[in-house]
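Written below as structure tokens is the structure these notes are about.
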Amino acid sequence: DIQMTQSPSAMSASVGDRVTITCRASQGISNYLAWFQQKPGKVPKRLIYAASSLQSGVPSRFSGSGSGTEFTLTISSLQPEDFATYYCLQHNSYSWTFGQGTKVEIK
Amino acid sequence: EVQLVQSGAEVKKPGATVKISCKVSGYTFTDYYMHWVQQAPGKGLEWMGLVDPEDGETIYAEKFQGRVTITADTSTDTAYMELSSLRSEDTAVYYCAADSSSFPLGYWGQGTLVTVSS
């Protein structure tokens with residue numbers, strides 16, 4: 001199975017900060033990567049697909065980049081509603097895999 | 001409107017089997033794969049496997065292979081996930097999630113809490 005290593009596992013940030021989260025795949029996955037946001041007690045929400053395509057309705061402060069084995073999710077200016085846990089998902093291989101998650105907390 | 005509606009919470013004893021349903025509406029059931037995702041309390045998302053409702057073919061994550069069975073009933077547009085030999089570590093919320101035309105796991109059920117306790 002392809003392993004997805006997400007970092008950091010947790011971070012503290014302030015409103016207005018630029019935040020970057022990284023996912024590394026154990027082997028190349030082209031651009032078969034999506035990003036989700038999850039708040040406590042809620043269903044995961046789709047943010048980014050095909051590594052860099054923004055889901056309709058998602059604020060433009062969210063962006064994704066990368067291809068192959070290294071991917072990033074960037075929040076250009078963190079807003080109060082962005083405090084949540086973020087997950088990457090690879091869907092290139094026979095068996096899909098989530099990253100371990102990054103919890104973004106208020107500093 | 002796409003909806004995935006899951007069955008209710010379950011309490012099971014260790015060693016038992018649980019079967020959760022996920023009824024879909026708002027799209028053609030056979031058009032997209034249906035996945036199941038586990039989330040233990042305070043933990044991350046774990047992909048368990050998928051079924052292609054078109055032909056019933058399945059793929060399972062190695063971790064769950066041998067204990068999980070995912071099926072799809074096209075007569076009722078319902079997917080099922082059965083997990084056997086339950087242990088306390090299987091206490092979790094289980095989600096069904098369907099692909100959409102552009103987004104993997106684009107639509108999610110509300111989640112079903114399974115508690116394994118003696």
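Side-chain atoms are counted along with the backbone in the values below, which use heavy atoms only and exclude waters and symmetry mates. Within every chain, numbering begins at 1; the chains are lettered A, B, ... in the order of the sequence lines, protein sequences first and strands thereafter. Remember, it's a predicted structure, so these values are computed and weren't measured experimentally.
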Does a side chain donor of either A/Tyr86 or A/Gln37 reach within less than 3.5 Å of an acceptor in the other side chain?
->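 Yes, a side-chain donor-acceptor pair sits under 3.5 Å.
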Measuring heavy-atom distances to chain B, does [X] have an atom under 4.5 Å in its side chain, in its backbone, in both, or in neither?
X       : result
A/Tyr87 : side chain
A/Pro44 : both
A/Lys45 : neither
A/Tyr32 : neither
A/Leu33 : neither

Heavy atoms only, distances under 4.5 angstrom: which of A/Gln55, A/Gln38, A/Lys103 has the most pairs with chain B? Name it, please.
-> A/Gln38
Contacting region of [X] [heavy-atom separation from chain A under 4.5 Å]:
X        : answer
B/Val93  : neither
B/Glu62  : both
B/Gln110 : backbone

Is there a donor-acceptor pair closer than 3.5 Å between any side-chain N or O of B/Gln6 and the backbone N or O of B/Tyr94?
-> yes
Determine, step by step, whether A/Gln3 and A/Gln27 satisfy the side chain to side chain donor-acceptor pair (under 3.5 Å) criterion, reporting the C-alpha distance in whole Å, the side-chain angles of both residues, the deciding distance to 0.1 Å, and the verdict.
-> CA-CA 8 Å; A/Gln3 308 303 315; A/Gln27 61 191 75; over 6 Å; no
All heavy atoms of B/Phe29 vs all of B/Met34, minimum pair found to be CE1-CE, 4.2 Å
Heavy-atom pair with the smallest gap, counting every atom of B/Thr17 and B/Lys12 = O-CE, 3.5 Å
Who among B/Ser102, B/Ser100, B/Gly111 has the most heavy-atom pairs with chain A under 4.5 Å?
->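 Greatest number of close heavy-atom pairs with chain A: B/Ser102.
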Is any NZ, NE, NH1 or NH2 atom of the basic residue among A/Asp82 and A/Arg61 found under 4.0 Å from an Asp or Glu carboxylate oxygen of the other?
->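 Salt bridge: yes.
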Ring-face cation contact, B/Tyr107 with A/Arg46, 6.0 Å cut, 45° max =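 Cation-pi check for A/Arg46 and B/Tyr107: passes.
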